[in-house]
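Have a look at the structure below, then the notes.
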Amino acid sequence: MGKFIISKRTNGDYQFNLKAANGQVILTSQGYNSKSRCENGIESVKKNSQDDNMFERHSAKDSRCYFNLKASNGQIIGTSQMYESENGMENGIESVKSNAPGASVEDQTN
């Protein structure tokens, strides 16, 4: 089962990473200025990850692929790592879809 890890950036912002059962980071959030907003972002990932239309698929200049997960208001709530192929990116999206809804939350900011 997946896990959301809440951490603090060096600038004081909060962020989360969604990790798959194997410990690999599959989604990273933007920075949030409060822990409660970060937690709201996690809830948004759990909800929006079940709708394929919320995933934006992209190719970088070096031809690697990545995706963004958007909220219903169009705001990006998470970005993937870079993948060498479209197939790898699609597997990453499927991993977010399967891991996010039941993922536990671990707060590493204390």
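Values in this document were obtained by computation on a predicted structure and should not be read as measured data.
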Report the residues that fulfil side chain to side chain contact (heavy atoms under 4.5 Å, CB included) with D107, sequence neighbours left out, ordered by chain and then residue number.
I6, K35, T109, N110
Remaining members of the apolar cluster that contains Y66, side-chain heavy atoms under 4.5 Å
M82
Show the nearest heavy-atom pair for residues N48 and S72, with the distance to one decimal.
OD1-N, 3.8 Å
For residues 4-32, pull every pair meeting salt bridge (Lys or Arg N to Asp or Glu O under 4.0 Å), keeping only residues two or more places apart or in separate chains.
none
Does a side-chain heavy-atom distance below 4.5 Å link V96 with I26?
yes
Decide yes or no for H58 and C65: does some side-chain heavy atom of the first lie under 4.5 Å from some side-chain heavy atom of the second?
no
Gap separating the CG atom of N68 from the NZ atom of K70, nearest 0.5 angstrom
7.5 Å
Nearest heavy-atom neighbours spanning K3 and I5
CD-CD1, 3.3 Å
Which heavy-atom pair separates Q15 from Q30 by the least distance, and what is that distance?
CB-O, 3.8 Å
Looking at E86 and R57, does any basic side-chain N land under 4.0 Å from a carboxylate oxygen?
no
Does a side-chain heavy-atom distance below 4.5 Å link L69 with S49?
yes
State the CD-OH distance between E90 and Y83, to the nearest 0.5 angstrom.
10.0 Å
Could you work out, with salt bridge (charged side-chain N to carboxylate O under 4.0 Å, His left out) as the rule, every residue matching K47, not counting sequence neighbours?
none
S80 to L27 - nearest heavy-atom pair and separation
N-CD1, 4.1 Å
V105 reachable from L18 in the ILVMFWY side-chain graph, under 4.5 Å edges:
yes
Which heavy atom of N99 sits nearest to which heavy atom of M1, and what is that distance?
OD1-C, 3.8 Å
Taking ring pair (Phe, Tyr, Trp, His ring centres under 6.0 Å) as the definition, give me every residue that meets it alongside F67, ordered by chain and number, with sequence neighbours left out.
F55
Under 3.5 Å: donor-acceptor pair, side chain of K46, backbone of A103
yes
From S7 OG over to E106 CD, what is the distance, rounded to the nearest 0.5 angstrom?
10.5 Å
Donor-acceptor contact present, side-chain S95 to main-chain N91, <3.5 Å
no
Can you list everything that forms a salt bridge (charged side-chain N to carboxylate O under 4.0 Å, His left out) with E94? Sequence neighbours excluded, please.
K97
What is the distance from atom OG of S98 to atom CD1 of I93, rounded to the nearest 0.5 Å?
12.0 Å
Centroid-to-centroid, Y32 to Y14, below 6.0 Å?
no
